[in-house]
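Each remark here refers to the structure printed beneath this line.
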There are 2 protein chains.
Amino acid sequence: MKVTATEEYGLRCMLLFAASDSGLPLTLPEVSSKEGLSIPYAGKLMALLKQAGLVKAVRGRSGGYVIAKPAEEIALKEILNALGESFYGQHHCERYTRKEKCVHEGDCTVGSVWIAFDRFIDQVLQKVTLADLASGKCDLLGAVEAKQ
Amino acid sequence: MKVTATEEYGLRCMLLFAASDSGLPLTLPEVSSKEGLSIPYAGKLMALLKQAGLVKAVRGRSGGYVIAKPAEEIALKEILNALGESFYGQHHCERYTRKEKCVHEGDCTVGSVWIAFDRFIDQVLQKVTLADLASGKCDLLGAVEAKQ
DNA sequence: CAAATACTATACTTTTATGTATAGTATTTG
DNA sequence: CAAATACTATACATAAAAGTATAGTATTTG
């Protein structure tokens, strides 16, 4: 089970925006330098976040990126979804099928494991906001218990 | 967040052993054919599981692999650990550091997210056994609530 | 005891994810 | 209005994971 590079760096970028209190846009060179990424790579990540509606791009000379809504209203789930597929995504079975048809077709024990696990994690990721993360208060276990 | 191929197929193999009620060893060709994997690839996976003490190898003409202990005593966590690193593993920071030193050295918000998340998931993975999975009863949420 | 059949180890190929380079488009501001 | 500086898109290079091939070692059993 692995966090992808895109998720890792993308989340770091979002935390950068959550921490930036000036309303001014952060430019790509700024993001790049603060996160130690190359400018085009930072651009690629920001494009993903923009596409998901988490940040807005401001073009032109005094442009940059601004966060699209308050950090309190951005769930961790939204961010990770923007940066990659859920780990039991739509293409999971297809991906791990080596014949024309999956050998577990119709009776997939491992599938039901991932589905349960995925739903479970979703509940957590849905509850925790970017603001929680930025403030260092991410009581994940509490997040789930509170719901039930 | 991604399940690696090794984890996916390795877990499937363990489920195969959990479901096999004859005490007889399963040979590599058998595992290979039942899971739709090549023999050497199946061998590679089984070697990992063996190294972790989850299965035992029986060499020789009537050999194969047998499960090392009852499925009730094997936690999902043990299986996933055998097949790869936890997603916030020892080398996480090193891996996602692009300079000589991480730009977040000493003040790593994203790190504390993953640590919390990792511990949280561990609690679940520790509670769910291979037997639970095989029987289709993997009440993950219940597993955590029961603990607290 | 030797042939059959099992597991084991290692080198190699292929695929996929990462990250870079480059050229281009849009908008501001002097 | 044009130069500066921002974002954007796409093709390419590199690194890591996935999977294969092959040769080898260990036991059983006729």
Side-chain angles (χ1 to χ4, degrees), chain A residues 1-13 17 24-33 35-52 54-68 83-85 87 89 91-92 94-99, chain B residues 1-13 17 24-33 35-52 54-68 83-85 87 89 91-92 94-99:
Chain A
M1 224 140 52
K2 228 178 54 179
V3 174
T4 66
T6 306
E7 287 166 339
E8 174 75 23
Y9 295 128
L11 179 54
R12 288 185 190 177
C13 289
F17 281 88
L24 294 174
L26 278 168
T27 68
L28 228 27
E30 280 167 340
V31 171
S32 150
S33 119
E35 291 302 329
L37 308 170
S38 73
I39 293 178
Y41 190 32
K44 216 171 186 176
L45 296 172
M46 293 311 299
L48 283 173
L49 295 169
K50 184 201 156 193
Q51 209 173 339
L54 297 176
V55 296
K56 286 177 189 161
V58 181
R59 299 189 82 147
R61 183 156 173 186
S62 59
Y65 290 95
V66 290
I67 200 165
L83 297 166
E85 251 199 344
F87 78 97
H91 307 95
H92 184 94
E94 183 186 332
R95 173 174 190 167
Y96 294 123
T97 295
R98 300 157 59 90
K99 313 273 187 188
Chain B
M1 225 140 49
K2 229 179 53 180
V3 174
T4 65
T6 306
E7 287 166 339
E8 174 74 24
Y9 296 128
L11 179 53
R12 288 185 191 176
C13 290
F17 282 86
L24 294 175
L26 278 168
T27 68
L28 228 28
E30 280 167 341
V31 171
S32 151
S33 121
E35 292 300 331
L37 308 170
S38 73
I39 293 179
Y41 190 32
K44 217 170 184 175
L45 296 172
M46 293 311 298
L48 284 173
L49 295 169
K50 184 201 155 192
Q51 209 174 339
L54 297 175
V55 296
K56 285 178 189 160
V58 181
R59 299 191 82 146
R61 184 158 173 185
S62 59
Y65 289 94
V66 292
I67 199 165
L83 298 165
E85 252 198 345
F87 78 98
H91 307 94
H92 184 93
E94 183 186 333
R95 174 175 189 167
Y96 294 123
T97 295
R98 300 157 60 89
K99 313 275 185 183

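Naming convention: chains lettered A, B, ... in sequence-line order (proteins, then strands); numbering from 1 in each chain. Hydrogens, waters and symmetry mates are skipped; everything else that's a heavy atom, side chains included, is used.
Side-chain nitrogen and oxygen atoms of Thr6(A) include at least one within less than 4.0 Å of the OP1 or OP2 phosphate oxygen of dT18(C). Contact annotation: Ser38(A) does not reach the phosphate of dG19(C) (side-chain N/O to OP1 or OP2, under 4.0 Å). For Arg98(B), a side-chain nitrogen or oxygen approaches OP1 or OP2 of dT20(C) to under 4.0 Å.
As rounded to whole Å, 16 Å separates atom C1' of dA9(C) from atom CD1 of Ile39(B). Between the CG atom of Leu37(A) and the C1' atom of dT18(C) there is a distance of 12 Å, rounded to whole Å. Rounded to whole Å, atom C1' of dA17(D) lies 7 Å from atom NZ of Lys2(A). The distance from atom NZ of Lys56(A) to atom P of dA6(D) is 21 Å, rounded to the nearest whole Å. Taking atom CG of residue Leu48(B) and atom P of nucleotide dT8(C), one finds them 11 Å apart after rounding to whole Å. When the P atom of dT22(D) is taken as reference, atom OH of Tyr41(B) falls 19 Å away, rounded to whole Å. The CD atom of Gln51(B) sits 12 Å away from the C1' atom of dT8(C) (whole-angstrom rounding). The separation between Leu83(A) atom CG and dA17(C) atom P is 15 Å, rounded to whole Å.
Taking the ring axis of Tyr9(B) as reference, the NZ or CZ atom of Arg98(A) stays within 45° of it and closer than 6.0 Å to the ring centre.
Across all strands shown, dA2(D) is found opposite dT29(C) as a Watson-Crick or G-U wobble partner, with both distances under 3.5 Å. Taking a pair to require two hydrogen-bonding distances under 3.5 Å in either a Watson-Crick or a G-U wobble arrangement, dC12(C) pairs with dG19(D). Applying the Watson-Crick and G-U wobble criteria (two distances, each under 3.5 Å), dA23(C) pairs with dT8(D). The base-pairing partner of dA17(C), taking Watson-Crick or G-U wobble contacts with both distances under 3.5 Å, is dT14(D).
Across all strands shown, Gly64(B) has heavy atoms under 4.0 Å from sugar-phosphate atoms exclusively, and none from any base. Within 4.0 Å of Ala47(B), counting heavy atoms only, lies no atom of the nucleic acid at all. Using a 4.0 Å heavy-atom cutoff across all strands shown, Lys50(B) reaches sugar-phosphate atoms only and no base atom. Across all strands shown, Leu45(B) has no heavy atoms under 4.0 Å from either base or sugar-phosphate atoms.
Of the candidates dT8(C), dA16(D), dG19(D), the closest approach to any side-chain atom of Tyr65(B) belongs to dT8(C). Comparing dA18(D), dA17(D), dG19(D) by their nearest atom to the side chain of Thr4(B) picks out dA18(D). Nearest to the side-chain atoms of Lys44(A) among the listed nucleotides dT28(D), dA11(D), dC7(C) stands dA11(D).
Counting only distance, with no hydrogens or angles, the side chain of Glu30(A) and the backbone of Thr27(A) share a donor-acceptor pair below 3.5 Å. When atom types are taken as modelled, the side chain of Thr4(A) and the backbone of Met1(B) share no donor-acceptor pair closer than 3.5 angstrom. Not one N or O on the side chain of Glu94(A) forms a donor-acceptor pair closer than 3.5 Å with the backbone of His91(A).
When each of Pro40(A) and Tyr9(B) is assigned the nucleotide of DNA chain D bearing its nearest heavy atom, the one mapping closer to the 5' terminus is Pro40(A).
Neither side chain, Glu85(A) nor His92(A), offers a donor N or O lying under 3.5 Å from an acceptor on the other.
Using a 4.5 Å cut-off on side-chain heavy atoms (C-beta onward), Val31(A) and Phe17(A) make contact. When side chains are defined from C-beta on, Leu54(B) does not count as touching Ile67(B), because their heavy atoms never get closer than 4.5 Å. With contacts defined as side-chain heavy-atom distances shorter than 4.5 Å, the pair Met46(A)/Gln51(A) does not qualify.
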Could you go through nucleotides 25-27 of chain D and list every protein N or O atom that sits under 3.5 Å from one of its N or O atoms, giving the distance for each pair?
from    : atom 1 : to       : atom 2 : distance (Å)
dT25(D) : O2     : Arg59(B) : NH2    : 2.9
dA26(D) : O4'    : Arg59(B) : NE     : 3.4
dA26(D) : O4'    : Arg59(B) : NH2    : 3.3
dT27(D) : O2     : Arg61(B) : N      : 3.4

